Amino acid sequence: MNNLLGDWHSLMGAVQHWLAGGDPYGAFVMADGSAYEAGWFAYPPPVLLLVWPLAFVPSLLSGILLQLLAVAGFEYWSRYVLGHMSLPWFVLWLPFVQGLLIGQTTLLALVLLLWGATFYQHGRDRLAGLLLACAILKPQVVVLPALCLLAMALYDHRWYVLGTFAFITIILWSGIAFVAGPQIYSAWFNGLSAYRAALPDRPLLFPPAGWLLGGMACFLWYRYGRGDPVGLALLVNTLIYPMSVIYIAIGVAPVVMRWRPQTPWYPLALSWFIPLFFFQLPRTAETIAATTQLVVATALLAALLPPLRWRLR
């Protein structure tokens, strides 16, 4: 249980280090003795401005509340937009479970994007611009679909979307410079340099099983998603991001749910058995990549396979 909400705990540690006058993008030691290398905290500087009040709340409590908020936002989006619940995904699909247990903010960024797209579709332009400005603070999750929505707003002359997005972005990015000084940006760039050294350089579409994912994604788009450019952008954004962790792949879930509303659940359960098989093999770059790729493939399988039909005799 020591790793429960570990990522959120370290994020709060970096914020507390910053509030004490330290460099959040450098090496820091938390009150419990946990030490982190430079670049561990790699969020854009405006995130410091948004989350600093939570540093005064026990990180376990704030982390649980954040995850509950993200799950509730995703569930409400699913019921509001798709007309059915999404909770089985949080039990059956491993990426969701992993992200929640370690306290990741990926789901929250995804929820902000999904609601931004929903508000855009319903003509609530100011809310759409506000949510997109906040969502893009985790660009590796949402940058392509967010840019797609902004391009659509420009094409459709939805100036309130663009204006609100620009206004909130300026407030956040200039506000942190006013509070912490412009040097916070150079510290961020230095932290990113250290962070990149620890990142994998193999997107999901690369070998050993990238051809499988690419083919399944193309077939899924051709069959169900040709009228959804934002969903396509989210799917591509997820598949081209270099990763060795499974939770970042949750961007596939809302695409599958939107394109195939009656998703069968049984392929999702396979995501739990795939790591069990690969953990018996030597841990190499190929086995790590294959594990992640095949876990993601279970969500695409859920969109492509027929539902089980039980008959009572």
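Quantities reported herein were computed from a predicted structural model and do not represent experimental measurements. Computed over heavy atoms, backbone and side chain alike; hydrogens, waters and symmetry mates excluded.
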| field | side chain to side chain contact (heavy atoms under 4.5 Å, CB included) against Val179, all qualifying residues, sequence neighbours excluded | value | Trp18, Leu49
| query | Sub-3.5 Å donor-acceptor pair from the side chain of Ser271 to the main-chain atoms of Leu92, do we have one? | reply | yes
| field | Leu232 side, atom CG; Cys148 side, atom SG - distance, nearest 0.5 Å | value | 8.0 Å
| field | Heavy-atom side-chain proximity of Leu113 to Leu131 below 4.5 angstrom | value | no
| field | Distance, nearest 0.5 Å, that separates CE of Met257 from OG1 of Thr263 | value | 7.0 Å
| said: For residues 144-157, which residue pairs pass the side chain to side chain donor-acceptor pair (under 3.5 Å) check, not counting sequence neighbours? | reply: Tyr120-Asp156
| message | Looking at Phe219, I want to see if its CZ is surrounded by more than 12 non-hydrogen atoms of other residues, nucleotides or ligands under 6.0 Å. | response | no
| remark: Of all heavy-atom pairs linking Pro145 and Asn237, the shortest is CD-OD1, 3.7 Å
| said: Rounded to the nearest 0.5 Å, what separates atom CG in Leu4 from atom CD1 in Ile64? | reply: 6.5 Å
Less than 3.5 Å apart, which donor and acceptor atoms pair up between the side chains of residues 83-90 and the rest of the protein, not counting sequence neighbours?
{"from": "His84", "atom 1": "NE2", "to": "Pro261", "atom 2": "O", "distance (Å)": "3.2"}
{"from": "Ser86", "atom 1": "OG", "to": "Glu75", "atom 2": "OE1", "distance (Å)": "2.7"}

| To the nearest 0.5 Å, how far apart are CD1 in Ile136 and CG in Leu147? | 5.0 Å
Result block: side-chain N/O donor-acceptor pairs under 3.5 angstrom for residues 94-112, not counting sequence neighbours:
{"from": "Gln98", "atom 1": "OE1", "to": "Ile246", "atom 2": "N", "distance (Å)": "3.4"}
{"from": "Gln98", "atom 1": "OE1", "to": "Tyr247", "atom 2": "N", "distance (Å)": "2.8"}
{"from": "Gln104", "atom 1": "OE1", "to": "Thr106", "atom 2": "OG1", "distance (Å)": "3.0"}
{"from": "Gln104", "atom 1": "OE1", "to": "Lys138", "atom 2": "NZ", "distance (Å)": "2.7"}
{"from": "Gln104", "atom 1": "NE2", "to": "Asp7", "atom 2": "OD2", "distance (Å)": "2.9"}
{"from": "Gln104", "atom 1": "NE2", "to": "Tyr247", "atom 2": "OH", "distance (Å)": "3.2"}
{"from": "Thr105", "atom 1": "OG1", "to": "Tyr43", "atom 2": "OH", "distance (Å)": "2.6"}
{"from": "Thr105", "atom 1": "OG1", "to": "Lys138", "atom 2": "NZ", "distance (Å)": "2.9"}
{"from": "Thr106", "atom 1": "OG1", "to": "Lys138", "atom 2": "NZ", "distance (Å)": "3.4"}

| said: Are the side chains of Leu270 and Leu294 in contact, using a 4.5 Å heavy-atom criterion? | reply: no
| task | Find out if a path of hydrophobic residues (ILVMFWY) with successive side-chain heavy-atom gaps under 4.5 Å connects Phe277 to Ile274. | result | yes
| note | Output for pair (Leu54 CG, Gln16 CD), nearest 0.5 Å, gives 10.5 Å
| said: Under the rule for side chain to side chain donor-acceptor pair (under 3.5 Å), what residues qualify as partners of Trp115, not counting sequence neighbours? | reply: none
| field | Heavy-atom side-chain proximity of Phe41 to Ser10 below 4.5 angstrom | value | no
| request: For residues Leu19 and Ala55, report the shortest heavy-atom separation together with the two atoms involved. | output: CD1-CB, 3.8 Å
| task | For residues Gly227 and Pro229, report the shortest heavy-atom separation together with the two atoms involved. | result | O-CD, 3.5 Å
| field | Whether over 12 other heavy atoms sit under 6.0 Å from Gln262 CD | value | no
| task | State which residues pass side chain to side chain donor-acceptor pair (under 3.5 Å) with Ser174; sequence neighbours excluded, sorted by chain then number. | result | none
| query | Is Ile184 close to Leu48 at the side-chain level, that is, under 4.5 Å between some pair of heavy atoms? | reply | yes
| request: Using salt bridge (Lys or Arg N to Asp or Glu O under 4.0 Å) as the criterion, list what pairs up with Arg124, not counting sequence neighbours. | output: none
| request: Please tell me if the side chains of Tyr185 and Ile176 come closer than 4.5 Å, counting only heavy atoms from C-beta onward. | output: yes
| message | For His122 and Tyr80, I'd like to know if the aromatic rings sit close, meaning centre-to-centre distance below 6.0 Å. | response | yes
| Approximate separation, where rounding is to 0.5 Å, of Leu144 CG and Leu149 CG | 11.5 Å
| request: Only counting residues at least two apart or in another chain, list the ones meeting side chain to side chain donor-acceptor pair (under 3.5 Å) with Thr118. | output: Trp77
| task | Please report the C-alpha distance between Leu150 and Leu162 in whole Å, then the side-chain angles of each, then the deciding distance to 0.1 Å, and finally whether the side-chain contact (heavy atoms from CB on, under 4.5 Å) criterion is met. | result | CA-CA 7 Å; Leu150 293 174; Leu162 299 172; 4.0 Å; yes
| query | Hey, mind stepping through Leu130 and Phe165 against side-chain contact (heavy atoms from CB on, under 4.5 Å) and telling me if it holds? | reply | CA-CA 6 Å; Leu130 169 65; Phe165 175 85; over 6 Å; no
| message | Enumerate the side chain to side chain donor-acceptor pair (under 3.5 Å) contacts for residues 53-63, please, sequence neighbours excluded, ordered by first and then second residue. | response | Trp8-Ser62, His9-Ser59
| remark: When every non-hydrogen atom of Thr164 is compared with those of Gly129, the smallest separation belongs to CG2-C, 4.0 Å
| Under 4.5 Å between side-chain heavy atoms, hopping through other hydrophobics if needed: is there a path connecting Leu114 to Leu68? | yes
| field | Same apolar cluster (I L V M F W Y, side chains within < 4.5 Å links), Tyr160/Leu154 | value | no
| task | Sequence neighbours left out, what passes salt bridge (Lys or Arg N to Asp or Glu O under 4.0 Å) with Glu37? Give chain and number order. | result | none
| said: Gln293 vs Leu212, test: side-chain contact (heavy atoms from CB on, under 4.5 Å). Steps then yes/no. | reply: CA-CA 9 Å; Gln293 289 169 326; Leu212 175 65; over 6 Å; no
| Do Trp93 and Met216 sit in the same hydrophobic cluster, where Ile, Leu, Val, Met, Phe, Trp and Tyr count as joined when their side-chain heavy atoms come under 4.5 Å apart? | yes
| message | Checking Arg223 now: which residues fulfil salt bridge (Lys or Arg N to Asp or Glu O under 4.0 Å) with it, not counting sequence neighbours? | response | none
| task | Check Asp23 against His17 and note the closest heavy-atom contact, atom names and distance. | result | O-CD2, 3.2 Å
| task | Please answer whether the main-chain N or O of Phe74 pairs with a side-chain N or O of Ser78 as donor and acceptor at a distance below 3.5 Å. | result | no
| said: Donor-acceptor pair, distance only, cut-off 3.5 Å: does the side chain of Asn190 make one with the backbone of Ser186? | reply: yes
| task | Using a 4.5 Å cut-off on heavy atoms from C-beta on, say whether the side chain of Ile248 contacts that of Val141. | result | yes
| request: Kindly give the heavy-atom pair with the smallest separation between Ala128 and Gly116, and that separation in Å. | output: CB-O, 3.4 Å
| field | Residue pairs passing the side chain to side chain donor-acceptor pair (under 3.5 Å) test where at least one lies in residues 252-261, sequence neighbours excluded | value | Asp228-Arg258, Asp228-Trp259
| task | Following the transitive rule for hydrophobic clusters with a side-chain heavy-atom cut-off under 4.5 Å over Ile, Leu, Val, Met, Phe, Trp and Tyr, establish whether Val91 and Val256 coincide in one cluster. | result | no
| request: Quick one: do Phe119 and Arg126 satisfy side-chain contact (heavy atoms from CB on, under 4.5 Å)? Show the steps, please. | output: CA-CA 9 Å; Phe119 287 137; Arg126 291 182 179 87; over 6 Å; no
| Crowded around Trp211 CH2? As in, over 12 foreign heavy atoms under 6.0 Å? | no
| field | Trp173 atom CH2: more than 12 heavy-atom contacts under 6.0 Å | value | yes
